[in-house]
Amino acid sequence: MHLFEKQKSSDTIYNGRIFTVTKDIVELEDNTQADREVVHHNGGVCVIPVTDDNCILMVKQFRYAVNEATLEIPAGKLESNESHYNAGKRELLEETGHECSEYIFLGRIYPTPAYVTENIYMYLAKGLTYKGQNLDSDEFLDVVKVPLNDAVKMVMNGEIKDSKTQIGILKAQYMHTLNSNQ
């Protein structure tokens, strides 16, 4: 079949707490075979919390893999059998201390589709009410309030490098523009 690869075999080469890696052999459309290494991940969720004064609540935290503190929208991995809807609300409360009265699904993204199975589900949160932050024991972060227009500029000039955050900010800006024109 055109633009399809059929799995012939799969061997687990790493099984960790956050992801599993397999080495697969696939059959290509021309009947030849190729190796594929795949990172299997339960997926994640991210939330773009927009305040009444049109700012985004973001989190700044150290990311070991890139060796720097990054500015991101609240996000987290899905627990086994957890709905992305509930996970987003959980992450919003844990990381920013806020609950929301409006919670709008914005779709999902594949952050690295070439070799990772992860899906990230995106939500826009409005009508925010502070209830108290509840970080995980190994989580250290600062909550930063950034005007939406400034956040868009930060995406466009490369200050914000995280892909889910870039997409979330641009989607929030689009939704704001759409609502302003109605």
Side-chain angles (χ1 to χ4, degrees), residues 12 14-22 38-66 69-113 115-146 148 151-152 155 160-179:
T12 299
Y14 175 78
N15 193 4
R17 186 176 59 86
I18 297 175
F19 60 85
T20 299
V21 180
T22 61
V38 181
V39 177
H40 300 268
H41 187 282
N42 281 346
V45 63
C46 63
V47 180
I48 307 98
V50 179
T51 63
D52 291 340
D53 60 349
N54 212 33
C55 292
I56 297 178
L57 296 182
M58 301 182 72
V59 294
K60 187 169 189 171
Q61 60 188 325
F62 185 78
R63 293 299 195 178
Y64 179 80
V66 294
T70 60
L71 191 59
E72 303 175 29
I73 54 179
K77 70 179 182 67
L78 296 176
E79 300 301 332
S80 184
N81 297 317
E82 182 181 29
S83 77
H84 51 84
Y85 179 90
N86 291 333
K89 287 193 166 192
R90 174 181 49 79
E91 288 294 336
L92 177 64
L93 182 61
E94 282 179 12
E95 292 189 0
T96 71
H98 287 81
E99 291 182 343
C100 64
S101 61
E102 239 185 300
Y103 195 54
I104 304 161
F105 182 61
L106 297 179
R108 67 181 175 147
I109 60 173
Y110 301 137
T112 315
Y115 59 91
V116 180
T117 64
E118 181 181 21
N119 287 271
I120 298 178
Y121 299 88
M122 307 185 85
Y123 285 88
L124 180 69
K126 297 172 111 180
L128 303 174
T129 305
Y130 187 75
K131 298 289 185 177
Q133 195 177 41
N134 186 24
L135 297 174
D136 292 334
S137 62
D138 64 347
E139 196 169 34
F140 301 91
L141 56 83
D142 295 330
V143 177
V144 180
K145 186 176 176 181
V146 179
L148 179 56
V152 170
V155 166
I160 294 176
K161 299 173 192 134
D162 176 62
S163 62
K164 72 182 176 310
T165 300
Q166 290 180 351
I167 294 165
I169 288 169
L170 296 177
K171 283 190 172 209
Q173 176 68 20
Y174 176 78
M175 296 294 287
H176 175 73
T177 302
L178 193 64
N179 291 335

(Q) Do Thr117 and Val38 make a side-chain contact, defined as non-hydrogen atoms from C-beta onward lying under 4.5 Å apart? (A) yes
Q.
My understanding is that only residues two or more places apart in sequence, or in another chain, count here; which of them pass salt bridge (charged side-chain N to carboxylate O under 4.0 Å, His left out) with Asp53?
A. Lys145
Q: Measure the CZ-CG distance between Arg90 and Asn134 for me, rounded to the nearest 0.5 Å.
A: 10.5 Å
Q.
Distance check, rounded to the nearest 0.5 Å: Tyr130 atom OH versus Leu57 atom CG?
A. 10.5 Å
Q | Considering all heavy atoms, the nearest Ala151-Ile160 contact | A | O-CD1, 4.0 Å
Q: Can you see which heavy atom on His84 is nearest to which on Leu78, and at what distance?
A: CA-CD2, 3.7 Å
(Q) Using side-chain heavy atoms (C-beta onward) and a distance below 4.5 Å, is Arg63 in contact with Asp162? (A) no
Q.
How long is the straight-line distance from OH of Tyr174 back to CD1 of Ile167, given to the nearest 0.5 Å?
A. 15.5 Å
Q: Can you see which heavy atom on Ala172 is nearest to which on Leu124, and at what distance?
A: CB-CD1, 4.1 Å
Q) Within the side chain of Lys60, is there an N or O that forms a donor-acceptor pair under 3.5 Å with the backbone of Val144? A) no
Q. Is there side-chain contact between Gln173 and Leu148, with heavy atoms separated by less than 4.5 Å?
A. yes
Q | All salt bridge (charged side-chain N to carboxylate O under 4.0 Å, His left out) counterparts of Lys161, not counting sequence neighbours | A | Glu68
**Q.** Closest non-hydrogen atom pair between Glu95 and Val59, with its separation
**A.** OE1-CG2, 3.8 Å
Q. Hey, does the side chain of Glu118 reach the backbone of Thr112 with a donor-acceptor pair shorter than 3.5 angstrom?
A. no
Q) Does Tyr85 offer a backbone N or O that forms a donor-acceptor pair with the side chain of Tyr103 under 3.5 Å? A) yes
Q. If you take all heavy atoms of Ile120 and Pro111, which pair is closest and at what distance?
A. CD1-CG, 3.8 Å
Q: For side-chain contact (heavy atoms from CB on, under 4.5 Å), just list the numbers for Ile169 and Met58, CA-CA rounded to whole Å, side-chain angles, deciding distance to a tenth of an Å, and then say yes or no.
A: CA-CA 10 Å; Ile169 288 169; Met58 301 182 72; 3.9 Å; yes
Q: For the residue pair Lys171 and Ile48, establish whether any side-chain heavy-atom pair is separated by less than 4.5 Å.
A: no
**Q.** Thr165/Leu71 under side-chain contact (heavy atoms from CB on, under 4.5 Å): CA gap, chis, key distance, verdict
**A.** CA-CA 8 Å; Thr165 300; Leu71 191 59; over 6 Å; no
Q.
Quick check: closest heavy atoms across Gly168 and Ile73, and the distance to 0.1 Å?
A. CA-CD1, 4.3 Å
Q: State, with a plain yes or no, whether a side-chain heavy atom of His41 is found less than 4.5 Å away from one of Ile18.
A: yes
Q. Do Met122 and Ile109 come within less than 4.5 Å of each other through their side chains, counting heavy atoms only?
A. yes
Q | Gap between atom OG1 of Thr70 and atom CZ of Phe62 - 0.5 Å precision | A | 9.5 Å
Q. Is it true that Phe19 and Tyr14 have ring centroids separated by less than 6.0 Å?
A. yes
Q | Straight-line distance of Glu79 CD to Asn86 CG, nearest 0.5 Å | A | 12.0 Å
**Q.** For Glu139, salt bridge (charged side-chain N to carboxylate O under 4.0 Å, His left out) partners two or more places apart
**A.** none
**Q.** Point-to-point distance, once rounded to the nearest 0.5 Å, from NZ of Lys89 to OH of Tyr123
**A.** 9.5 Å
Q: Check the pair Met175 / Leu106 against side-chain contact (heavy atoms from CB on, under 4.5 Å), numbers first and verdict last.
A: CA-CA 10 Å; Met175 296 294 287; Leu106 297 179; 4.2 Å; yes
